[in-house]
Amino acid sequence: MQVPFGPLHRLANALRGWPVLEVWYHPEYRTPLSSLEAMHGVEPRRADYVAWYLLERRLIRPDQLRQPERIGYRDLALVHGDAYLESLHDAQALARIFGVDPSDVTVEPLLSTIRLACGATVEAARSVLGARGRTRHALNLLGGFHHAGRSRGGGNCAVNDVAVALAVVRRDGFSGRAWVVDLDAHPPDGTLDCLQADGRVKIGSLSGSDWGPLPGADETVLPAGCGDAEYLAALRALLDRMGERPDLAFVIAGGDVVRGDKLGMLGLTERGVRRRDALVAEALHRVPAVWLPGGGYRKEAWRVLAGTALVLLGRPGRRISPSTDPLTLRFAGIARDLTERDLTDRDELITQEDLAELFGGSRDRTPRLLGFYTEQGLEHALHRYGFMEQLERLGYSRFRVAVDATGAGDRLRVFGRDEESHEHLLVELVVAKKMVAGAEVLFVNWLTLRHPRARFSPLRPALPGQDVPGLGMAREAMELLMIVARRQGLEGIAFRPSWYHMAYAARRVGQFADPAREGRFQAMLRDLRELPLQEATQALAAGRVLMNGAPYAWEADDMVQWARPDHARVDEDAVRAERERVAFMLRP
Ligand SMILES: [Zn+2]
């Protein structure tokens, strides 16, 4: 759907004649650090979401999605010293660069992610240079690691993909002028360090933080909270100062310039970011250019990057509906492909157990979850949804899936082995069909996603109820449970959050079945919003929260996520009345 987008319409027409955009992406772009989401509010699935959104909405064809190879060490060594590259094979060094506890780092998968992203920036640069009038712009869905210097990393940047790409094309014979237009909210300190010997490159940057002088770069530090108009004026001035158009450009279309970003300090709207990207695309018309996402430290950062893709696809005004959820789109597509036979190991209409029963033999005792899914069917499905692969990247292997029955419902457990071959419980789920709010739902009596290789630390304190850190895969788990509920003809999923942070995680998709309880929860979200989630849930667990002046104990009531959103039959008036009646505060 198109929305009026003012002058962007004119630009859209200009861009429509553009050649096909190449989008570089690899399923291993998801950084295998389980604490990023919980501790830093980062969406580790940003690249996946954009790729899935573009594909599922048919904004690109599958062959426009290009899969990179890992960059080789010979190419990396054009920029980075051997001692520094060697140091990256150490969990401590990587943990420092990404701001996580070393126990959260699996060295090989993380290095693989970094090398794939860098490889894509290099291949994209080669591709746009060699395109000869065809594709001139490419978008890599991970990269723009501008804080990595020649012999140091930091700020989530281990190697400098832009500097490596420029060094590789130079070695291959490219001698033209290059621009680096760095529109991430932070300064390009590492890029400057890497490229200072290259006299034919211009670095222009707009930042929201002052990290001191950057000799050799055209850097403008904008005031905190800087809005669209001031930013776009500064961008026009920068593009004017950049002078004669280059023969190759790298654009870091930072997602952290948006208002509300945890680290970015600037205050652009998403529409303002589209205008930013459109201005740069216009300035670089017919210039081979590689676009990179840089930072973006919000759950919704994928929408900004998808917006960049839409601008480059000549669709700058296309609106992304607030309800669009690429994970739901993607998983629904996989679910359609998984047949009953895949999930149940049932081949024919008349099964072996039917025959056994008919002829008086013993019944097949294959354990089944909800009388349907076999262990092998579940393992196959978890593989198809990418769940097992993500567990592997977190350092587990040789999985075992077990299904049995408990007093509280059917149980699924997934075990995996660590490097020392110790087997750990990773996933435990107990579910039953149950009536909630007058509807039959899949009731989740118990769900735990455990990451026993990782340790709690000051960087990652334990949440109430956790014995080991989590896997960072709750989104996938809840989406899969909804697919199970739909397949079983149920009206939704329900669970009873024992802690505030569990209800918080489900706040957008679920609601308490009891309207008054939902009202109190919404009031709590409203009144505790300034508090980091970690502190809010600790305070509630410790009884340090007051409701209308009196001590408040967390109420573990049923929360429901309906399979059909229009099914939500909450009495909105009752919710509102309670929300307005109560106020929460921390005990002084
Ligand atoms: Zn940044």
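The shown structure was predicted, so the numbers you read here are calculated from the model rather than taken from an experiment. Each ligand, and each atom within it, is numbered from 1 in the order the structure gives.
Paired with Asp161 under the rule side chain to side chain donor-acceptor pair (under 3.5 Å), one option of Thr191, Thr121, Asn140 passes, and it is Thr121.
When the ring-ring contact (aromatic ring centres under 6.0 Å, His included) test is applied to Tyr29, the partners found at least two apart in sequence or on another chain are Tyr25. For Asp184, there are no salt bridge (Lys or Arg N to Asp or Glu O under 4.0 Å) partners two or more places apart in sequence or in a different chain.
Within Asp256, the N, O or S atom at minimum distance from the Zn ion (ligand 1) carries the name OD2. Closest approach between the Zn ion (ligand 1) and any N/O/S atom of Asp184 involves OD1. Sorting the N, O or S atoms of His186 by how far they are from the Zn ion (ligand 1) puts ND1 first.
In this structure, Arg450 places its CZ atom where more than 12 heavy-atom neighbours from other residues, nucleotides or ligands lie under 6.0 Å away.
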